[in-house]
Amino acid sequence: MRTVLLGAPGSGKGTQGVVLSKKYDIPQISTGDLLRAAVTEGSELGKQAKAAMDAGALVSDEIVIGLIRERISHDDATNGYILDGFPRNIPQAKALDTMLEELNQPLQGVVLLDVAFEELLQRLTGRRTCKDCGAIYNVHLSPPQREDECDSCHGPLFQRADDNAETIGNRLNVYQEQTAPLVEFYQSQNKLHSIAGVGHVDAITDAVCAAFDTI
Ligand code: AMP
């Protein structure tokens, strides 16, 4: 099942991707996670990506397309994958289509998590992530039982460097200008399933799974 989870920063792609990956036994491939790992490692690619990430801008298409090309060639992606945070603009979507056409394995479905702007702001400013297991909390909406500690593994929680007010504004603008046009792009390919990404997490998961089951 070759799929894309589409949505603004804070729409829940990461949260839903973890659950979907387990349920359908296919990897969640997040360009944001791959880039953050490269930054932490201090690799050449990480150094090139860091300034754009800190500013909430997009990293070059060349870098992220290269990352995706390499990652989907791994054995665990043979039966499909959930792309999270990629593509982020029309050129990336076209490059993905070309890449997958060459492999004779076209994209099968795209699920959009639709969330209003005000809610996104609240989610992004309150987001905290567990350093050890990656669980995601929100200090306003779904706080951990103990401040700054993961409920499930007791690891420390941190705030992503790009989850600050200024960068969040830039990221949401970039989404509006560059990523939102993908909705029409995939609609015209008859691949888009739109889900209201608000309400209880489990109910959203059920709706996303119902869409995945038709893909
Ligand atoms: P995310 O974790 O998906 O919110 O991504 C964090 C940051 O990584 C973004 O704000 C961009 O700077 C960069 N990034 C992630 N995915 C892409 C992509 N497909 N194209 C360009 N930049 C990306």
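Just the heavy atoms: all of them, side chains too, but no hydrogens, waters or symmetry mates, feed the values below. Just so you know, these numbers come straight off a predicted model, no measurement behind them. Note that ligands are numbered from 1 as they come in the structure, with each ligand's atoms numbered from 1 the same way.
Inclusion of Leu58 in the set of residues having an N or O under 3.5 Å from an N or O of ligand 1 is not warranted. For the pair Ser30 and ligand 1, the shortest N or O to N or O distance does not fall below 3.5 Å.
When all heavy atoms are compared, the tightest approach of Asn79 to Ile26 is O-CG2, 3.7 Å. Contact detail for Gln108 and Ile215: the closest heavy-atom pair is CB-CG2, 3.6 Å. Minimum heavy-atom separation, Arg36 to Ser30: NH2-OG, 4.5 Å. Across every non-hydrogen atom of Pro87 and Ala93, the tightest pair is CB-N, 3.5 Å.
In this structure, Leu6 and Val111 have side chains that are not in contact, with every pair of non-hydrogen atoms separated by 4.5 Å or more. Side-chain contact check for Val139 versus Arg128: some heavy-atom pair is nearer than 4.5 Å.
Of the heavy atoms in Arg160, only side-chain atoms (C-beta onward) come closer than 4.0 Å to ligand 1.
Protein heavy atom nearest atom 8 (O) of ligand 1, with residue, atom name and distance: Met53 CE, 3.6 Å. When only non-hydrogen protein atoms are considered, atom 16 (N) of ligand 1 lies nearest to Thr31 OG1, 2.8 Å. Residue, atom and distance of the protein heavy atom nearest to atom 11 (C) of ligand 1 are Ala57 O, 3.4 Å. When hydrogens are left out, the protein atom nearest atom 22 (N) of ligand 1 is Val59 N, 3.0 Å; that is the closest non-hydrogen contact. Counting protein heavy atoms only, atom 14 (N) of ligand 1 is closest to Leu35 CD1, 3.4 Å. Nearest to atom 15 (C) of ligand 1 among the protein's heavy atoms is Arg88 NH1, 3.5 Å.
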Item to check | side-chain hydrogen bond (donor to acceptor under 3.5 Å, both in side chains) between Tyr24 and Asp213, intermediate numbers included | outcome: CA-CA 10 Å; Tyr24 294 92; Asp213 287 339; 2.8 Å; yes
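Using a 4.0 Å cut-off to heavy atoms of Gln92, the atoms of ligand 1 that qualify are 18 (C), 19 (N), 20 (N), 21 (C). Remark: ligand 1 atoms within the under-4.0 Å shell around heavy atoms of Asp162 are 6 (C).
Residue Lys23 holds its NZ atom at 10.5 Å from CZ of Phe212, rounded to the nearest 0.5 Å.
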